[in-house]
Number of protein chains: 2
Amino acid sequence: MKSISDFLKNHDIRPSYQRMRIFEYVQSKRNHPTIDMIYSSLIQEIPSLSKTTIYNTLRLFVSAGIVKPVTIEDHEIRYDADTVPHIHFKCIKCGKIEDIYLKNDWNDLASMVPEGYVVNEEHLYLRGLCPDCRDA
Amino acid sequence: MKSISDFLKNHDIRPSYQRMRIFEYVQSKRNHPTIDMIYSSLIQEIPSLSKTTIYNTLRLFVSAGIVKPVTIEDHEIRYDADTVPHIHFKCIKCGKIEDIYLKNDWNDLASMVPEGYVVNEEHLYLRGLCPDCRDA
DNA sequence: AGGCAATTGTGTAATCCTTACAATTTTTAT
DNA sequence: ATAAAAATTGTAAGGATTACACAATTGCCT
């Protein structure tokens with residue numbers, strides 16, 4: 001918990017209890033949770049927690065760059081605290097969204113983009129069957 | 001307009017006037033429009049048009065596979081009638097979403113995915129500056 | 001430590017987007 | 001032309017997100 005507090009401070013975010021717990025949840029679960037998933041889980045331990053706080057806090061985290069919004073589809077917004085470049089895989093059967101890491105890099109992408117475009121971010125996501133659902 | 005009518009019929013969609021106009025809009029503008037963009041434009045020529053019809057029609061088009069939902073971010077859903085594989089580029093300055101086509105294929109992607117995953121769809125979008133905004 | 005100012009959290013109400021539904025209109029087939 | 005089916009429309013309902021005002025907490029200063 002101390003490390004989370006320091007991490008937030010390093011990003012000019014005051015480490016209130018709610019903020020620490022919310023960040024801890026997103027970072028540790030790695031479930032790409034929705035607002036509701038965070039709320040449903042934390043309300044059990046922080047009975048006073050308000051959903052507005054979750055919205056405010058996530059907005060703060062996103063603008064500070066320590067959490068990324070993941071917009072895969074279904075117009076649900078999900079959140080991800082992993083800052084290492086990775087791609088998302090959504091299983092069309094169980095619905096789970098996982099992080100996967102490609103075997104090789106694909107950093108030759110910049111050379112494949114038409115002239116004149118400046119690329120700041122690359123987002124890749126795949127849809128298909130995860131290993132569990134493939135075998136079932 | 002005849003070709004649109006035939007196209008819809010080929011996909012088992014009855015070519016009502018509204019459906020033809022909505023499909024024509026999405027296909028010709030190539031603006032990756034939101035529901036509102038479609039409505040605001042067509043209401044000027046079809047005063048009786050209901051937004052519910054836009055929702056219903058787009059849902060029909062998506063389930064028939066002739067239009068793809070584009071979920072880039074901002075939890076806005078946009079629609080795209082281009083069925084040729086391509087990637088999306090969103091300019092962070094002007095906000096426009098464009099289709100771009102990579103110079104080479106990147107079909108070595110499947111070989112880079114971890115074992116056990118079955119990939120059905122690949123979605124790639126890039127964010128950065130479009131040529132116009134880069135020069136401005 | 002104590003107290004004050006500033007920030008953060010909470011809950012209700014308002015807003016916006018999307019969908020449900022029933023009635024009307026249009027289309028299709030006989 | 002008529003009846004049945006389907007599509008469209010408008011209103012109302014639902015759900016998610018945000019605005020806002022007040023309460024609680026935190027940080028800073030002495």
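Chain letters run A, B, ... following the sequence lines, proteins first and then strands; every chain starts at 1.
- Contact record, A/Cys130 with A/Glu98: CB-OE2, 3.5 Å, taken as the closest heavy-atom pair.
- Applying the 4.0 Å criterion to OP1 and OP2 of D/dT25, one finds that A/Gln18 has every side-chain N and O outside that range.
- Rounded to whole Å, atom C1' of C/dC17 lies 15 Å from atom CD1 of B/Ile38.
- B/Ile92 and A/Leu124 sit in two unconnected hydrophobic clusters of ILVMFWY residues. Membership requires side-chain heavy atoms under 4.5 Å apart, directly or through other members.
- Counting to the nearest Å, the C1' atom of C/dT28 and the NZ atom of B/Lys9 are 12 Å from each other.
- Closest to the A/Ser50 side chain, of the nucleotides D/dA7, C/dG11, C/dA20, is C/dG11.
- Ring planes of B/Phe7 and B/His11: tilted class, angle from 30 to 60°.
- With rounding to whole Å, A/Asp36 atom CG is found 10 Å from D/dG15 atom C1'.
- In summary, the side chains of A/Tyr125 and B/Glu122 do not present any donor paired with an acceptor at a separation below 3.5 Å, with no hydrogens or angles considered.
- Considering only the side chain of A/Tyr55, D/dA16 comes nearest among C/dG9, D/dA16, D/dT8.
- Proximity of a side-chain donor or acceptor of B/His32 to a complementary backbone N or O of B/Ile97 within less than 3.5 Å is detected.
- In this entry the distance linking CD of A/Glu76 with P of D/dG15 reads 15 Å, nearest Å.
- Between A/Arg19 and the phosphate of C/dG9, there is a side-chain N or O to OP1/OP2 separation shorter than 4.0 Å.
- Spacing between atom OH of B/Tyr79 and atom C1' of C/dT18 amounts to 10 Å, rounded to whole angstrom units.
- Distance OH (A/Tyr17) to P (D/dT25): 13 Å, rounded to an integer number of Å.
- Side chains of A/Tyr17 and A/Arg21: a donor on one and an acceptor on the other come within 3.5 Å.
- Taking the six-membered ring for Trp and thresholds of 30 and 60 degrees, A/Phe89 and B/Tyr117 have ring planes more than 60 degrees apart, a perpendicular arrangement.
- In this structure, the nucleotide among D/dG27, D/dT18, C/dG11 sitting nearest to the side chain of A/Pro15 is D/dG27.
- Contact annotation: A/Ser48 side-chain N/O to C/dT10 OP1/OP2 distance is under 4.0 Å.
- Residues B/Lys51 and A/Ile13 each lie close to DNA chain C; by heavy-atom proximity, the contact nearer the 5' end of the strand is made by A/Ile13.
- Overall, the helix from C/dA1-D/dT30 to C/dT30-D/dA1 carries an axis bend of 30° between its ends, with five pairs at each end and the value rounded to 10°.
- Rounded to an integer number of Å, the gap from CD1 of B/Ile46 to C1' of D/dT9 is 13 Å.
- The A/Thr57 side chain lies nearest to C/dG9 when the options are C/dT19, D/dA16, C/dG9.
- Comparing A/Leu60 and A/Pro47, the nucleotide of DNA chain C nearest to each residue sits closer to the 5' end for A/Leu60.
- The shortest distance between side-chain heavy atoms of A/Ile77 and A/Tyr79 falls below 4.5 Å.
- Rounded to an integer number of Å, the gap from A/Leu49 CG to D/dA24 C1' is 14 Å.
- Comparing C/dC17, D/dG10, C/dT8 by their closest approach to the side chain of A/Arg14 singles out C/dT8.
- A/Ser16 has a side-chain polar atom (N or O) that falls below the 4.0 Å cut-off from OP1 or OP2 of C/dG9.
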